[in-house]
Amino acid sequence: MRKRTILVIGGAGYIGSHANKALAAAGYRTVVFDNLSTGHRRLARWGEFFKGSLSRPTDLSRCFKKYRIDAVLHFAASAYVGESVTDPAKYYANNVVNTLNLLNVMRAAGVKRLVFSSSCAVYGEPASLPMRENLPKNPVNPYGRTKLMMEQAMADYSAAYGLKYIALRYFNAAGADPDGEAGELHAPETHLIPLVLDAASGRRPCISVFGADYPTPDGTCLRDYIHVTDLAQAHLLALRRLEAGGESRAFNLGNGRGFSVRQVIKAAEKVTGLKVPVKLAPRRAGDPPALVASSALIRRELGWKPLYPGLETMLAHAWRWYRKANKGVL
Ligand code: UDP
C-alpha cells in the first residue's frame with residue numbers, strides 16, 4: 001500500500017520537528033515545508049524537505065504538485081505574545097495571510113485534511129479554571145486574535161468547501177525529544193524554560209520574573225506545561241481521526257496542572273543541580289495570571305494521554321537537549 005504523504009508546514013521548528021518524527025515513526029511519508037526563517041534544517045531530519053514560503057502561494061502549489069499530499073499539519077506561525085503587541089503587522093501577515101494562502105492552495109489541490117496549531121491564547125483571560133473548550137474566546141493580544149481568526153476561517157471553509165480540520169489549542173509546550181533528536185532552538189529566545197536554563201548555566205546573569213504581584217498562590221503567573229512529545233502524539237491522533245472521517249473541531253491540549261514561574265525555577269534548580277539567579281521585573285503586556293487546560297475532551301474523544309506529564313521530566317529532557325545544543329559553549 002502507498003504510504004500516506006503528510007505535509008508538515010513548519011516542520012523545521014520546535015513543535016513541528018517532534019510531530020514530523022512521530023509521523024515518520026508511525027509509518028507516514030512526510031514532507032517538511034519550511035522557509036527556515038526561524039526553523040533549522042537540521043531539525044527536519046525525517047522525510048523530505050521542501051524549502052518554500054507560505055507568503056508565496058506558488059511555492060505551495062509547486063510542493064503540492066511535486067508530492068501527492070494527503071493531509072497537512074500546519075505549525076508555521078509567529079508565536080511571541082509580547083512581539084505580537086509591538087509588531088502586529090508581522091502577526092497578521094505570517095499567521096493570517098499566510099494561513100489563508102495555505103487554505104486556498106489546499107482547496108485548489110483538493111486536499112481536505114488539516115491539523116492546525118492553535119493556542120490557549122484564543123481565550124484571553126479565562127472566567128474559570130480549568131479551561132474548557134466552550135469558554136468565551138476573547139483574546140487579549142494580537143497573537144491570540146490571529147489564531148482565533150484562523151479557527152473561524154477554517155470553520156467557514158469547512159462549512160462551504162468541505163475542509164476537515166482539527167485545531168489543537170496548545171498550552172505551554174516544554175521539554176525536548178526523549179531520544180535527544182530534537183528540541184527548542186529559538187533565536188532570540190523568549191520562553192521561560194530555556195531562559196531559566198541559560199541562567200542556571202551562566203549564559204545569562206539571571207532570569208527576570210515578569211510580575212510577582214498576580215493573584216496566584218506565590219504571586220507569579222501559572223501556566224500549564226505540556227511535553228512537546230505529548231503534543232506531537234496528539235497531532236498523530238488528530239490526523240487519524242480526520243482520516244477516519246472525523247468532523248472539524250477544536251481541542252485544548254495541556255496537562256490540567258498549573259505551575260508558577262517560581263515553581264518552574266525551583267524545579268530547574270533541582271534537575272540541573274545549579275542555582276538560578278532571579279530578578280523581579282514588571283509584568284509583561286498581554287500575560288493572563290493563570291492558564292490551565294481541561295483536556296477532558298481530547299482524552300475522551302481522541303484517547304490522548306500524556307506520557308510525560310511531570311514538570312521535572314520536561315525540564316530534564318529540556319536540559320539534556322540544551323547541553324547538547326550548546327556543546328562547545330558550556
Ligand atoms: N516569563 C518570565 N520571565 C521570562 C519569560 C517568561 O517570568 O523571561 C513568564 C511569563 O510571564 C509567563 C510564563 O513565564 O507567565 C511563560 O512564558 P513563556 O514566554 O515561556 O510562554 P507563553 O506563556 O508566553 O506562551
Side-chain angles (χ1 to χ4, degrees), residues 13-15 38 75 77-88 91 95 117-126 129-131 139-148 168-176 183-201 203-228 231 252-255 257-269 276-293 311 314-315 317-319 321-322:
Y14 175 40
I15 303 172
T38 55
F75 297 92
S78 296
Y80 296 139
V81 166
E83 185 189 50
S84 80
V85 177
T86 54
D87 191 4
Y91 282 71
N95 298 2
S117 302
S118 189
S119 166
C120 61
V122 299
Y123 297 106
E125 304 220 358
L129 294 177
M131 294 155 68
V140 291
N141 51 60
Y143 170 65
R145 278 190 276 280
T146 63
K147 289 291 176 183
L148 181 58
L168 296 175
R169 296 179 184 146
Y170 311 158
F171 283 64
N172 285 58
E184 204 160 3
L185 282 178
H186 295 123
E189 188 52 76
T190 68
H191 291 113
L192 179 64
I193 291 177
L195 291 178
V196 166
L197 299 181
D198 271 348
S201 62
R203 289 188 77 208
R204 281 172 208 262
C206 62
I207 179 76
S208 297
V209 172
F210 295 150
D213 57 350
Y214 283 100
T216 58
D218 68 15
T220 65
C221 285
L222 295 180
R223 292 290 179 270
D224 185 340
Y225 295 88
I226 172 168
H227 197 291
V228 63
L231 274 179
N252 286 345
L253 205 44
N255 278 306
R257 226 186 124 187
F259 289 97
S260 72
V261 174
R262 285 194 204 278
Q263 282 176 310
V264 170
I265 294 170
K266 217 161 152 219
E269 288 186 326
V276 177
V278 169
K279 183 176 94 186
L280 288 186
R283 291 182 177 194
R284 186 172 69 176
D287 266 345
L291 296 170
V292 181
L311 181 63
M314 293 182 223
L315 282 162
H317 291 168
W319 179 231
W321 170 258
Y322 180 92

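Order of appearance sets the numbers: ligands from 1, and atoms from 1 within every ligand.
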message: For a quick check: using heavy atoms under 4.0 Å, what are the residues in contact with ligand 1, sorted by chain and number?
response: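 Answer by chain and number: N172, T190, H191, L192, L195, I207, S208, V209, F210, C221, R223, Y225, V261, R284, D287.
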
- request: Sequence neighbours left out, what passes side chain to side chain contact (heavy atoms under 4.5 Å, CB included) with P142? Give chain and number order.
  value: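 Only S84, V85, P88, Y92, R145 meet the side chain to side chain contact (heavy atoms under 4.5 Å, CB included) criterion with P142.
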
task: Examine the side chains of Y91 and E83 and answer whether a donor and an acceptor come within less than 3.5 Å of each other.
output: yes

task: Give a yes-or-no answer on whether the side chains of N95 and Y143 include a donor-acceptor pair shorter than 3.5 Å.
output: no

message: Students often mix this up, so state it plainly: with edges at 30° and 60°, are the rings of H191 and Y80 parallel, tilted or perpendicular?
response: tilted

- request: Name all residues meeting the salt bridge (charged side-chain N to carboxylate O under 4.0 Å, His left out) criterion together with D213; count only those two or more places apart in sequence or in a different chain, and write none if there are none.
  value: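 R283.
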
field: Residues in side-chain hydrogen bond (donor to acceptor under 3.5 Å, both in side chains) contact with N252, at least two apart in sequence or another chain
entry: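 By the side-chain hydrogen bond (donor to acceptor under 3.5 Å, both in side chains) rule, N252 matches Y123.
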
